[in-house]
Amino acid sequence: MLFTLVKQDDIYQVQENGHLIYTIVQEKEGNLINILLKNPYEDVVLSFYQIKKWYHILPVLKSHEFTMYEQEEKIGELRKSKNGFDMIYHDVTYHIYGGRHAAKRSVIIFDRQMQVAEFTIEEDSCTVNFSNGVFGSIYALCMYLFMEIMKENEFEEEAYLDHYQGMYMRSI
């Protein structure tokens with residue numbers, strides 16, 4: 001499957017084959033960021049809520065730790081790790097690496113040793129290529145977040161290059 005994130009009239013839209021699937025809205029509560037994924041009927045499907053830890057001494061906007069909710073149920077977390085990010089979704093950990101390869105910026109997600117998704121990031125747009133349709137809404141929500149994180153160069157380039165499998169090795 002292929003989703004595309006585009007910015008139209010200051011609103012980020014997730015499209016599949018040119019058809020609107022979701023919109024992404026960013027809200028702020030004090031210094032904390034909430035990222036909401038809404039369906040075309042404006043219902044919130046998934047959301048990331050930024051976590052503020054009591055021991056944060058850096059500005060909150062640089063923390064990049066989020067809890068993931070489906071309606072009112074907590075279903076996972078996204079947190080910075082040594083070499084990139086980890087997404088814990090229903091007790092399964094997915095490893096996320098980002099960087100540049102062949103003049104493109106991309107983010108890759110691994111489940112154990114298998115690459116399950118690849119995000120290609122441009123200035124105001126992003127695409128994600130994946131095979132498991134169950135994760136479509138999660139990847140749609142991640143597109144906006146990874147695009148913002150990539151702007152801040154928060155990924156470890158060496159870890160990305162160690163894990164990048166290239167087009168010919170992908171299983172997606």
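For the single chain, residues carry numbers from 1 onward in sequence order. Just the heavy atoms: all of them, side chains too, but no hydrogens, waters or symmetry mates, feed the values below.
Note that the CG atom of L46 and the CD1 atom of I35 stand 12.0 Å from one another [nearest 0.5 Å]. Atom CD1 of I109 is separated from atom CD of Q115 by 9.5 Å, given to the nearest 0.5 angstrom. Distance CZ/F48 to CG/N34: 12.0 Å, rounded to 0.5 Å. In this structure, M1 CE and I21 CD1 are separated by 6.5 Å, a value rounded to the nearest 0.5 Å. Here I121 contributes atom CD1 and C126 contributes atom SG; the two are 4.5 Å apart, rounded to the nearest 0.5 Å. Atoms CZ and CG, on F119 and N129 in that order, are 10.0 Å from each other to the nearest 0.5 Å.
With sequence neighbours excluded, the residues forming a salt bridge (Lys or Arg N to Asp or Glu O under 4.0 Å) with R79 are E77, listed by chain and number. For D43, the side-chain contact (heavy atoms from CB on, under 4.5 Å) partners at least two apart in sequence or on another chain are N39, Y41. With sequence neighbours left out, the side-chain contact (heavy atoms from CB on, under 4.5 Å) criterion links E122 to S125. Remark: V134 engages N132 in a side-chain contact (heavy atoms from CB on, under 4.5 Å) (not counting sequence neighbours). With sequence neighbours left out, the side-chain hydrogen bond (donor to acceptor under 3.5 Å, both in side chains) criterion links Q13 to Q15.
For the residue pair R105 and E123, the shortest heavy atom distance occurs at NH2-N, 4.0 Å. The minimum heavy-atom distance between Q71 and V44, with the atom names listed, is NE2-O, 3.1 Å. Nearest approach of L161 to R100, heavy atoms of both residues: CD2-O, 3.7 Å.
V14 and V45 fall within a single hydrophobic cluster, where Ile, Leu, Val, Met, Phe, Trp and Tyr side chains are chained together by heavy-atom contacts under 4.5 Å. A continuous path of ILVMFWY side-chain contacts below 4.5 Å connects L78 to Y89, so both sit in one hydrophobic cluster. Linking Ile, Leu, Val, Met, Phe, Trp and Tyr residues whenever their side-chain heavy atoms come within less than 4.5 Å places I24 and I75 in a single cluster. Linking Ile, Leu, Val, Met, Phe, Trp and Tyr residues whenever their side-chain heavy atoms come within less than 4.5 Å leaves I11 and L20 in two separate clusters.
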Practice item. Could you check M68 against M87 for side-chain contact (heavy atoms from CB on, under 4.5 Å), going step by step and ending with a plain yes or no? Key: CA-CA 9 Å; M68 187 184 333; M87 181 172 59; 3.7 Å; yes
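Side-chain N or O atoms of E156 include none that pairs as donor or acceptor with a backbone N or O of N83 at under 3.5 Å.
Checked against F135 for a ring pair (Phe, Tyr, Trp, His ring centres under 6.0 Å), the options F3, F130, Y94 give a single hit: Y94.
Two residues are said to be in side-chain contact when any heavy atoms from C-beta on lie closer than 4.5 Å; F155 and I96 meet this criterion. Under the 4.5 Å side-chain criterion, counting only non-hydrogen atoms from C-beta, Y49 is not in contact with L32. For the pair V107 and Y160, the minimum side-chain heavy-atom distance is 4.5 Å or more. The shortest distance between side-chain heavy atoms of D86 and H95 falls below 4.5 Å.
In this structure, K80 forms a cation-pi arrangement with F85, its terminal cationic atom sitting closer than 6.0 Å to the ring centre and no more than 45° off the ring axis.
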Under 3.5 Å, side-chain donor or acceptor atoms of residues 137-148 against the rest of the protein: list the pairs with distances, not counting sequence neighbours.
from: Y144; atom 1: OH; to: Q26; atom 2: OE1; distance (Å): 2.5
from: E148; atom 1: OE2; to: K151; atom 2: NZ; distance (Å): 3.4

